[in-house]
Amino acid sequence: MFEEPEWAEAAPVAASLGPVISRPLPAAASQNKGSKCRQLLATLRTLEAASLSQNPPSLPSSDSEEEEVERKKNCPKKASFASASAEVGKKRKKKCQKQGPPCSYSEEEVERKKTCHKQALLDSNSAEEEKRKRKCQKHAPLNPAQHLDDVDQRGPKAWKNSATNDPPKPSPESTSPKPPHTLSRKQWRNRQKNKRRHKNKFRSPEVPDQALAEAPTEKTEVPPVPRTESHEARAGALRARMAQRLDGARFRYLNEQLYSRPSSAAQRLFQEDPEAFLLYHRGFQSQVKKWPLQPVDRIAKDLRQRPASLVVADFGCGDCRLASSIRNPVHCFDLASLDPRVTVCDMAQVPLEDESVDVAVFCLSLMGTNIRDFLEEANRVLKPGGLLKVAEVSSRFEDVRTFLRAVTKLGFKVVSKDLTNSHFFLFDFQKTGPPQVGPKAQLSGLKLQPCLYKRR
């Protein structure tokens with residue numbers, strides 16, 4: 001009888017050996033069931049031992065069917081992994097072919113990177129040197145003209161020379177040549193402008209004259225005569241300015257003397273120095289011209305509306321502007337004469353008869369410390385019912401009411417007053433009779449503030 005366990009053990013061995021063992025083993029086993037099967041098993045064992053000695057790794061470590069199944073399952077996995085890696089390699093090759101150069105770095109690229117690194121170091125060193133030079137220029141400008149001449153020579157030509165001497169190795173990416181200091185065209189122009197301004201700032205004024213003398217042309221020839229004339233004109237303007245300042249100082253001094261002294265002392269001052277009155281009148285007119293309205297013109301306008309037969313006495317007439325503006329007969333009185341129509345006298349004692357005048361005018365002339373004498377003299381020469389017109393600087397009045405009360409005690413009454421103007425006040429009084437108080441009575445309202453001009 002054929003034993004099944006032995007046949008079962010020999011079956012997988014025969015399958016692994018393949019062409020060595022022939023297919024008709026089951027038929028031979030059926031014919032010779034006993035002895036032949038044993039011989040076959042012996043030969044199989046010898047063949048198996050010989051095959052193991054020749055190719056040990058090709059045979060499986062175990063004859064179990066489970067290990068074969070697992071080996072067959074793992075094989076397709078390994079094959080799929082290899083195919084996937086091959087596909088990835090193909091894709092990488094396609095990408096590298098599209099980009100152009102291979103993915104691995106060549107010797108040329110390594111050299112290019114080294115040159116770029118060296119150029120960057122040179123640029124950084126040159127920037128540090130420029131900063132150091134700027135600091136030296138700020139702290140120690142010993143020879144600015146010479147230094148700036150050297151700097152001006154460095155322009156685009158100097159850059160070209162430096163480029164020819166030490167040419168930077170161009171990178172394959174950028175083919176356009178650039179100067180070592182990468183500046184735009186606008187920045188370079190601005191730098192050159194600043195250098196020229198700085199150079200002209202420290203240049204001596206004799207340099208353009210020498211240049212004109214060395215290379216004269218038809219357009220730039222300047223004769224020395226107009227230059228001397230310009231110096232003379234400047235000197236004349238300086239002298240005129242200094243003279244104007246001196247005249248202003250003298251005017252302020254004379255004005256202070258007129259307001260702080262009686263009229264008799266002022267008359268003696270102008271008699272001793274006749275030019276002083278002319279200087280004072282010139283300064284006075286320059287101050288009054290700045291006013292929006294001059295009080296003389298306002299008084300002349302009022303008198304034109306009255307009969308031309310009225311006799312007018314102008315106390316402190318100056319240049320007789322009032323007499324030239326109206327048709328009335330005018331008596332002009334002042335401390336000095338600027339016009340043939342002026343009568344030089346002290347206004348506290350005018351050469352007129354009593355009650356001989358219809359209108360008495362004090363236009364900015366209540367100066368001095370004896371204002372009461374002026375008003376009493378006007379009361380003396382005015383006819384009964386005569387008109388007294390007073391125009392004075394507004395800053396001189398501390399209290400207008402006290403001034404009006406004091407004037408009424410000297411034989412007048414208030415007819416009208418105009419306090420609207422910003423520079424002067426205008427009052428109209430009418431004579432009522434002789435003064436109501438004695439000469440020793442004190443009238444505090446007649447003490448006005450002096451009109452002093454400040455230095456400008």
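Just so you know, these numbers come straight off a predicted model, no measurement behind them. In what follows, residues are counted from 1 in the order of the sequence shown.
Within 6.0 Å of CD on Gln271 lie more than 12 heavy atoms contributed by other residues, nucleotides or ligands. Atom CZ of Arg282 is surrounded by more than 12 heavy atoms from other residues, nucleotides or ligands within 6.0 Å.
Proximity of His331 to Val312: side-chain heavy atoms (C-beta onward) are nowhere separated by under 4.5 Å. For the pair Asp334 and Phe315, the minimum side-chain heavy-atom distance is 4.5 Å or more. Between Leu410 and Leu443, some side-chain heavy-atom pair lies under the 4.5 Å cut-off. Side chains of Pro450 and Arg396 form no contact here, defined as non-hydrogen atoms less than 4.5 Å apart. Between Val330 and Ile326, the closest side-chain pair of non-hydrogen atoms falls below 4.5 Å. Residues Leu382 and Phe412 form a side-chain contact, since some pair of their non-hydrogen atoms from C-beta on lies under 4.5 Å apart. No side-chain heavy atom of Val357 sits under 4.5 Å from any side-chain heavy atom of Lys383. Arg298 places a side-chain heavy atom less than 4.5 Å from the side chain of Asp302.
A distance of 8.0 Å separates CE in Met347 from CG in Leu366, rounded to the nearest 0.5 Å. To the nearest 0.5 Å, atom OG of residue Ser416 and atom CG of residue Leu387 are 8.0 Å apart. Between the NZ atom of Lys447 and the OG1 atom of Thr369 there is a distance of 10.0 Å, given to the nearest 0.5 Å. Between the CZ atom of Phe403 and the OG1 atom of Thr408 there is a distance of 10.5 Å, given to the nearest 0.5 Å. The CD atom of Glu392 sits 14.0 Å away from atom NE2 of His423, with the distance rounded to the nearest 0.5 Å. Rounding to the nearest 0.5 Å gives a distance of 9.5 Å between CG of Leu446 and NZ of Lys409.
The closest donor-acceptor contact from the side chain of Ser356 to the backbone of Leu352 lies at 3.5 Å or more, if one exists at all. Side-chain N or O atoms of Lys431 include one that pairs as donor or acceptor with a backbone N or O of Asn379 at under 3.5 Å.
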Trace of the side chain to side chain contact (heavy atoms under 4.5 Å, CB included) decision for Asn421 with Leu426: CA-CA 9 Å; Asn421 196 282; Leu426 184 63; over 6 Å; no
CA sep, side-chain torsions, deciding dist, call: Arg341, Ser324, side chain to side chain donor-acceptor pair (under 3.5 Å): CA-CA 10 Å; Arg341 292 172 289 181; Ser324 303; 3.0 Å; yes
Test side chain to side chain contact (heavy atoms under 4.5 Å, CB included) applied to Arg189 and Gln192, step by step: CA-CA 5 Å; Arg189 285 179 180 175; Gln192 294 300 320; 5.8 Å; no
Side chain to side chain contact (heavy atoms under 4.5 Å, CB included) assessment of Val390 paired with Val361: CA-CA 6 Å; Val390 177; Val361 178; over 6 Å; no
Residue pair Arg268, Asp273: steps toward the salt bridge (Lys or Arg N to Asp or Glu O under 4.0 Å) verdict: CA-CA 9 Å; Arg268 287 194 301 271; Asp273 188 4; over 6 Å; no
From CA spacing to verdict: side chain to side chain contact (heavy atoms under 4.5 Å, CB included), Lys413, Phe429: CA-CA 5 Å; Lys413 70 174 183 179; Phe429 301 96; over 6 Å; no
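The aromatic rings of Trp291 and Phe424 sit parallel to each other, their planes meeting at less than 30°, with 60° as the upper class boundary. Phe362 and Phe374 have parallel rings, their planes meeting at less than 30° on a 0 to 90° scale where 60° marks the start of perpendicular. Aromatic ring pairs are classed by plane angle as parallel below 30°, tilted from 30° to 60° and perpendicular above 60°; the pair Phe425 and Phe427 is perpendicular.
Between Ser264 and Asp346, the side chains place no donor N or O within less than 3.5 Å of an acceptor N or O (distance only, hydrogens not considered). Looking at Glu398 and Gln449, their side chains do bring a donor and an acceptor atom within 3.5 Å of each other.
Nearest heavy-atom pair, Val296 versus Leu322, reported as atom, atom and distance to 0.1 Å: CG1-N, 4.1 Å. The minimum heavy-atom distance between Pro307 and Asn328, with the atom names listed, is O-ND2, 2.8 Å. Contact record, Cys345 with Val350: SG-CG1, 4.1 Å, taken as the closest heavy-atom pair. Here the closest non-hydrogen pair linking Leu335 and Ser263 is CD2-O, 4.1 Å. Of all heavy-atom pairs spanning Pro351 and Phe333, the tightest one is CD-CE2, 3.7 Å. The minimum heavy-atom distance between Ala336 and Val342, with the atom names listed, is O-CG1, 3.7 Å.
Among Phe270, Phe284, Phe251, the single residue meeting the ring-ring contact (aromatic ring centres under 6.0 Å, His included) criterion with Phe277 is Phe270. In summary, of the residues considered (Asp418, Asp314, Asp428), a salt bridge (Lys or Arg N to Asp or Glu O under 4.0 Å) with Lys389 occurs for Asp428 alone.
In this structure, Arg372 pairs ionically with Glu376, as a charged nitrogen and a carboxylate oxygen lie closer than 4.0 Å.
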